[in-house]
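Below: the structure, in structure tokens.
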Number of protein chains: 2
Amino acid sequence: MRIEKSVKCIDCPLKCDIYLTAREMGMEEFLEPAYVYYKKYETICRQGSKIKNATILIQGNAKMFVSGHCSRNIILNILIPSNYIGLISVYGLPDYPYSVSALEDCHTCQIDNEALEQIYLKNEHFMKLLNHAFGSSVANIMDKLISLNQKQIRGRVAESLLYLSRLYDSNSFKLSITRRELGELSAISEENTVRALTELRNEEIISIDGRNIVLKDTDTLARISMNC
Amino acid sequence: MRIEKSVKCIDCPLKCDIYLTAREMGMEEFLEPAYVYYKKYETICRQGSKIKNATILIQGNAKMFVSGHCSRNIILNILIPSNYIGLISVYGLPDYPYSVSALEDCHTCQIDNEALEQIYLKNEHFMKLLNHAFGSSVANIMDKLISLNQKQIRGRVAESLLYLSRLYDSNSFKLSITRRELGELSAISEENTVRALTELRNEEIISIDGRNIVLKDTDTLARISMNC
DNA sequence: TTGCGACATTGATTTAAATCAACTTTTTTA
DNA sequence: TAAAAAAGTTGATTTAAATCAATGTCGCAA
């Protein structure tokens with residue numbers, strides 16, 4: 001982790017929940033934020049290492065993934081601005097159960113865990129906010145578990161495309177990830193990912209131009225994603 | 001859910017964390033527990049239905065599992081006495097993201113969600129207790145995700161056997177589940193589960209007599225479980 | 001400007017696991 | 001207690017997906 005004084009790093013725009021809450025409580029000073037800048041490909045946090053602070057992604061995209069002993073990674077989520085990293089320490093996990101790395105240059109704001117926990121404990125509204133975010137992430141992982149075990153390639157790729165479209169809030173988006181990573185998001189090989197994309201394009205369900213993807217028929221895509 | 005007045009149902013032995021905490025806080029009366037008895041095979045809670053109360057398993061074993069649209073289930077956990085069901089509602093999930101059914105006759109104690117949440121909010125110690133339990137369940141699911149995607153049959157069955165041995169705190173135990181369910185715990189087919197068991201027996205790593213299993217060489221088993 | 005490396009694509013082959021099928025053993029229940 | 005149902009086992013076959021291999025494309029740095 002490097003604090004790049006030379007790089008003009010974007011300040012936390014004070015609209016994130018942690019800041020709003022701290023301000024309300026008059027604890028703004030208490031947070032002592034560090035603004036940290038990561039270059040593309042840099043690791044923001046590493047699976048298995050101690051969680052020392054909560055990180056808010058201010059600008060750029062990142063991937064959250066888990067890695068096994070050998071074999072390839074599974075991408076759990078693509079993180080976009082305003083997403084948190086490391087909240088799980090509030091729930092008693094001392095170490096990161098996942099890694100996060102920058103898909104493009106990223107600006108982050110990092111605040112000490114202790115400070116975060118104080119606010120969590122003192123502010124019921126904030127506590128519920130975090131609890132709910134954490135609860136729904138559990139539901140997401142369970143969905144992933146099922147889809148990983150029961151859906152086949154087409155279904156998994158369709159699911160990933162719908163996920164990205166929801167994330168970027170548009171049927172037309174530019175991939176921030178490589179084909180290999182799209183495979184890791186669906187937990188399949190790069191080659192089979194490409195084959196599935198080609199198939200869906202030939203069936204005119206999507207259109208592809210390099211990293212630019214348009215979902216032309218989301219209903220059919222949703223049907224493919226649901227099929228087991 | 002049936003409250004069987006006719007069946008002699010075991011009372012919550014007052015040693016569970018919820019009771020101990022409520023007592024300490026003078027809120028014991030507030031809980032209004034219902035003692036509910038389930039016959040073998042009965043559903044204790046169903047995936048997708050509203051969570052109305054927290055359930056404590058007092059006697060008997062149960063399985064917690066998720067089901068996809070078609071295909072077979074994945075067993076997340078085997079529940080043993082003192083385990084909780086439905087705590088996730090504290091974290092904002094209104095519906096069960098899993099089902100639980102009784103592997104044998106089960107005694108449970110059920111308390112209202114509202115009451116539970118009051119205690120959670122008013123008692124920091126209890127809150128941390130639940131948070132940590134919830135946090136480590138997330139870590140468990142992530143492990144499951146990796147093992148499901150990257151380990152092969154032998155490794156997954158070895159892992160399940162080690163899990164059961166830890167659960168029952170002994171290298172020698174009687175399975176509370178069928179071969180099919182052991183398969184669901186490892187997310188593989190019944191047939192391949194049997195084949196893996198037979199193999200491990202032939203290599204004298206375990207011994208099998210019907211539902212009775214002895215882990216003879218846990219080191220080798222651990223090595224097999226780790227191999228990808 | 002060119003040549004290298006990362007990314008992308010397509011086809012052929014291999015492989016792990018599911019499924020199908022037949023059968024035995026155990027448990028349940030009528 | 002006999003019949004039926006459920007559970008367990010083993011072998012043969014099929015299938016989905018990984019891997020291997022070859023080749024194409026793009027961007028960028030020497």
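Since the model is a prediction, treat every value here as computed from it, not as a measurement. Side chains are part of it too, since the values below use all heavy atoms of this structure and drop only hydrogens, waters and symmetry mates. Reminder, nothing fancy here: chain letters follow the sequence lines and each chain counts from 1.
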Member of A:Arg211, A:Arg72, A:Lys63 meeting the salt bridge (Lys or Arg N to Asp or Glu O under 4.0 Å) criterion with A:Glu181: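 It is A:Lys63; the other options fail the test.
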Is any side-chain nitrogen or oxygen of [X] closer than 4.0 Å to OP1 or OP2 of [N]?
X: B:Arg72; N: C:dA18; value: yes
X: B:Thr198; N: D:dT10; value: yes
X: A:Arg179; N: C:dT9; value: yes
X: A:Thr178; N: C:dA6; value: no
X: B:Asn192; N: C:dA18; value: yes

For the pair A:Tyr91 and B:Tyr91, name the ring-plane relationship: parallel under 30°, tilted 30 to 60°, perpendicular over 60°.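 Perpendicular.
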Among A:Thr198, A:Thr193, A:Asn192, which residue meets the side chain to side chain donor-acceptor pair (under 3.5 Å) test with A:Arg195?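 Of all the options given, the one that passes is A:Asn192.
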Rounded to the nearest Å, what distance is computed from the [atom1] atom of residue [X] to the [atom2] atom of nucleotide [N]?
X: B:Arg211; N: D:dG8; atom1: CZ; atom2: C1'; answer: 10 Å
X: A:Glu190; N: D:dA17; atom1: CD; atom2: P; answer: 17 Å
X: B:Gln152; N: C:dA17; atom1: CD; atom2: P; answer: 5 Å
X: A:Arg195; N: C:dT10; atom1: CZ; atom2: P; answer: 9 Å
X: B:Leu182; N: D:dG8; atom1: CG; atom2: P; answer: 10 Å
X: B:Gln150; N: C:dA17; atom1: CD; atom2: P; answer: 13 Å
X: B:Arg180; N: D:dG8; atom1: CZ; atom2: C1'; answer: 12 Å
X: B:Ile188; N: C:dA18; atom1: CD1; atom2: P; answer: 6 Å

Take B:Arg201 and B:Tyr41, find for each the nucleotide of DNA chain D with the closest heavy atom, and name the residue whose nucleotide sits nearer the 5' end. B:Tyr41
Along DNA chain C (nearest heavy atom to each residue), the more 5'-positioned of A:Ile177 and B:Arg156: A:Ile177
Under 3.5 Å, is there a donor-acceptor pair between the side chain of B:Asn113 and the main chain of B:Ile51?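 Side chain of B:Asn113 to backbone of B:Ile51: a pair is present.
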Taking every non-hydrogen atom, the tightest pair across B:Lys39 and B:Ala102: O-CB, 3.6 Å
